[in-house]
Amino acid sequence: MSRNQEIITVNLPADCIYEIIQYIIHDIKTLHSCIVLNQDYCQVVVRILWRNPFKYVKDERKKSLLFRTYFSCLDDQEKKQITTFFHQSVFDFPKPFINYPSFLQEFEIFSIQTSMRSFLHQYYSATPTENRINSVVHILNPFMEKLFFNNQSNLRYLNVDLNDERNQIDLSSFDNEMLEHVLTNINKFTFGFGFRFDVKRMEILKFIQKNATKLTDIISQHNKNIQHVRLTFTKKEFKQQKLKKLNPEFNTLLDILNSFICSLNNLKSLEMPCFVKNKNLAKKHSRSLTHLKLHEIRNFSIIINILDHCSNLETIELVSFYCNKNTDISALNKPIKSKLNNLKNFHITISYLPILTLFKRIILMSNNGLKTLYYDKYITHSTVGSITKLIRPFCTNITHLFIRIFQKELCSTISFLKCLKNLVFLKLDWDNYLRISQIAELAHSFSSSLQILEILEIDSPLITEMLGALFQNMHCKLKEVSICMDTYINDEMLEIIIGYARRKNSLMVFRYTNMPSHRYYRYLPLSKHVVEEARNLFTIDDNPESFKRSFIEPIF
């Protein structure tokens with residue numbers, strides 16, 4: 001460039017910057033770097049980071065700093081009521097130039113409460129008692145209403161988690177008009193609760209019921225087209241003899257939640273314990289519902305009823321079943337009426353034999369459209385192998401698969417894997433009885449399309465030999481490998497990965513996590529030269545996310 005040429009500065013509009021940022025939306029470090037690029041990037045990125053800042057922070061100290069920022073946004077008179085407990089001045093918490101609370105789009109009570117408590121613990125000069133913290137939280141809670149529920153509020157998600165009984169923010173006491181303004185605009189709603197045995201349970205239950213009534217009434221009246229609802233609770237503890245007197249009030253609460261779900265018009269995703277017995281729910285949402293996640297499943301007829309009516313389901317997650325000798329499995333003998341032609345994602349945990357029948361029926365109705373299958377089973381039976389063979393023609397388009405392999409069904413599993421010509425992501429869990437020759441045979445079954453492999457919970461004295469057989473016999477060129485160990489990874493194991501990376505010249509990331517048991521109290525750390533050799537070939541991540549996560553992107 002000549003001296004006479006001028007440097008041309010291009011100012012992108014905010015919409016363009018927003019589109020660019022979407023490519024790094026989960027990379028928090030890079031997002032923070034973008035803040036200092038220029039004013040335009042700063043305005044866009046700050047709004048994104050403060051939509052729900054608690055989502056990105058796990059450290060308690062950092063949570064405290066987040067709440068300090070929110071606290072500083074209060075008026076001086078309000079801050080003074082709190083700072084007197086710390087013997088500090090309001091000038092120690094100057095009001096920022098940016099109105100951070102107005103950017104919040106995901107209000108989660110639990111996150112606000114825990115960060116608030118971290119903040120209070122940090123600024124007390126001496127370690128405060130729980131009663132002292134509770135007294136200050138009681139004063140702070142109404143200020144949270146002013147900060148987050150006002151005319152500038154732009155909430156899209158409200159998560160009311162009432163599992164922590166200490167000084168919960170009482171939304172039922174909020175100004176009706178302002179609460180209506182906020183709830184009218186949300187598109188996602190979570191309501192959860194639970195109990196401990198050392199609290200005044202009836203009092204807590206009444207508090208939960210009061211909040212549930214007010215929130216659901218407002219949404220039912222003013223936001224019938226809300227699209228995503230999640231309910232989180234369990235009824236298991238109410239089987240305790242000493243809690244039987246709570247059952248009438250608890251059942252009233254369930255009726256409130258049931259009526260709420262049935263009152264909505266355009267529900268697309270629903271996540272909840274399988275407590276609803278009203279068949280009208282399935283009929284009401286038969287056209288709109290596309291994502292269904294159920295847990296605490298004790299009644300198969302409810303599942304069949306939903307599947308019969310909701311033919312537009314794209315995602316089905318059936319997470320936890322409870323069966324006993326009194327469980328009625330007769331509903332499983334009835335064919336599913338709906339075709340489930342739109343089903344793309346299926347997650348099921350099979351812990352009882354009768355559930356295999358349900359699994360088979362859903363697969364057969366899916367019209368070979370499945371893309372992701374999380375097939376988590378904890379049973380071994382001759383029926384498993386025959387069902388795997390039966391569903392094979394209906395799963396040929398799968399790209400993401402989790403499967404748990406037992407030696408008794410290895411042949412049917414290998415035949416199943418050989419049919420998956422489009423497989424990109426495979427999560428494997430195998431029992432410790434597989435022989436080295438069987439591991440090699442398993443490796444040969446992997447499609448050449450496979451790019452990501454995760455191996456869960458290896459616990460065998462032959463770990464090194466198993467890994468060697470697996471990576472020596474794979475024909476695919478993996479980009480990512482993840483291994484979850486019940487021991488510590490050693491030089492020999494890492495050298496197996498290094499050898500694979502050199503042969504295939506494709507590996508970009510190696511992730512591993514250690515979950516050592518008491519048997520492995522002595523271990524040799526990885527040698528520096530081996531780690532350095534590995535890092536020259538690929539990225540090493542020794543603090544990855546949970547390997548047991550589903551393929552299905554969470555809505556909440």
Side-chain angles (χ1 to χ4, degrees), residues 343-350 356 359-360 362-364 366-458 460 465-484 496-497 500 504 506-507 547-552:
L343 190 62
K344 298 290 186 295
N345 310 296
F346 185 25
H347 180 131
I348 188 168
T349 302
I350 301 174
L356 272 173
F359 168 69
K360 176 188 70 175
I362 292 175
I363 294 290
L364 296 182
S366 66
N367 195 32
N368 202 17
L370 274 182
K371 294 295 183 181
T372 76
L373 175 60
Y374 198 98
Y375 178 26
D376 195 4
K377 57 185 182 298
Y378 292 88
I379 57 171
T380 56
H381 195 274
S382 58
T383 309
V384 178
S386 60
I387 287 182
T388 302
K389 183 178 179 180
L390 179 66
I391 66 170
R392 195 189 310 158
F394 300 88
C395 299
T396 57
N397 291 317
I398 285 177
T399 60
H400 293 64
L401 173 69
F402 169 84
I403 190 165
R404 193 181 298 274
I405 302 174
F406 296 98
Q407 189 180 43
K408 291 181 180 179
E409 60 197 63
L410 182 64
C411 289
S412 61
T413 302
I414 287 176
S415 298
F416 180 57
L417 288 171
K418 286 180 177 179
C419 292
L420 306 181
K421 303 301 183 185
N422 302 311
L423 193 63
V424 175
F425 194 158
L426 175 63
K427 292 174 185 272
L428 275 182
D429 193 350
W430 64 63
D431 67 27
N432 294 322
Y433 299 104
L434 293 186
R435 298 188 299 273
I436 302 302
S437 60
Q438 291 176 318
I439 295 288
E441 189 180 356
L442 179 65
H444 282 300
S445 71
F446 296 167
S447 168
S448 59
S449 61
L450 191 65
Q451 296 180 21
I452 305 172
L453 176 65
E454 287 188 4
I455 307 169
L456 281 67
E457 297 180 9
I458 303 178
S460 168
E465 290 83 353
M466 285 180 163
L467 290 179
L470 188 73
F471 284 94
Q472 283 285 347
N473 289 280
M474 276 192 287
H475 300 302
C476 50
K477 293 186 175 182
L478 297 174
K479 293 182 179 179
E480 298 181 23
V481 171
S482 302
I483 302 176
C484 182
I496 290 171
I497 306 300
Y500 175 83
K504 299 297 183 180
S506 62
L507 191 63
F547 288 177
K548 284 201 170 183
R549 66 190 184 281
S550 173
F551 297 117
I552 301 167

Would a distance-only check, ignoring hydrogens and angles, find a side-chain to backbone donor-acceptor pair under 3.5 Å from [X] to [Y]?
| X | Y | answer |
| --- | --- | --- |
| Asn422 | Asn397 | no |
| Ser449 | Val424 | no |
| Asn368 | Thr396 | yes |
| Tyr500 | Leu478 | yes |
| Arg404 | Asp429 | no |

For [X] and [Y], which heavy atoms make the closest approach, and how far apart are they?
| X | Y | value |
| --- | --- | --- |
| Ile405 | Leu442 | CD1-CD1, 3.8 Å |
| Gly468 | Ile496 | N-CD1, 3.6 Å |
| Ser412 | Gly385 | OG-CA, 3.6 Å |
| Lys377 | Ile403 | NZ-CG1, 3.8 Å |
| Lys504 | Cys476 | CE-O, 3.9 Å |
| Gln407 | Asp431 | N-OD2, 3.0 Å |

For Glu454, all residues meeting salt bridge (Lys or Arg N to Asp or Glu O under 4.0 Å), sequence neighbours excluded: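 Applying salt bridge (Lys or Arg N to Asp or Glu O under 4.0 Å) to Glu454 gives Lys427, Arg549.
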Residue pair Leu470, Trp430: steps toward the side-chain contact (heavy atoms from CB on, under 4.5 Å) verdict: CA-CA 12 Å; Leu470 188 73; Trp430 64 63; 4.2 Å; yes
[atom1]/[X] to [atom2]/[Y] distance, rounded to the nearest 0.5 angstrom?
| X | Y | atom1 | atom2 | value |
| --- | --- | --- | --- | --- |
| Ser386 | Glu409 | OG | CD | 10.5 Å |
| Ser506 | Glu480 | OG | CD | 11.0 Å |
| Leu507 | Lys477 | CG | NZ | 12.5 Å |
| Glu441 | Ile414 | CD | CD1 | 3.5 Å |
| Met474 | Ser445 | CE | OG | 10.5 Å |
| Cys395 | Leu423 | SG | CG | 11.5 Å |

Check against side-chain contact (heavy atoms from CB on, under 4.5 Å), Leu401 and Leu417: CA-CA 9 Å; Leu401 173 69; Leu417 288 171; 3.7 Å; yes
Greater than 12 external heavy atoms within 6.0 Å of Lys344's NZ: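 Yes, because the 6.0 Å sphere around NZ of Lys344 holds more than 12 heavy atoms from other groups.
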Do the non-hydrogen side-chain atoms of [X] and [Y] ever get within less than 4.5 Å of each other?
| X | Y | answer |
| --- | --- | --- |
| Met466 | Ile436 | yes |
| Phe394 | Leu364 | yes |
| Leu420 | Leu450 | no |
| Asp376 | Lys548 | no |
| Ile483 | Ile497 | yes |
| Thr349 | Tyr378 | yes |
| His444 | His475 | yes |

Criterion ring-ring contact (aromatic ring centres under 6.0 Å, His included) against Tyr375, the qualifying member of Phe416, Phe551, Phe359: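 Among Phe416, Phe551, Phe359, the one that satisfies the ring-ring contact (aromatic ring centres under 6.0 Å, His included) with Tyr375 is Phe359.
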Identified ring-ring contact (aromatic ring centres under 6.0 Å, His included) counterpart of Phe402 within the set Phe547, Tyr374, Phe425: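 Single ring-ring contact (aromatic ring centres under 6.0 Å, His included) partner of Phe402 among Phe547, Tyr374, Phe425: Tyr374.
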Derivation and outcome, side-chain contact (heavy atoms from CB on, under 4.5 Å), residues Ile350 and Val384: CA-CA 11 Å; Ile350 301 174; Val384 178; over 6 Å; no
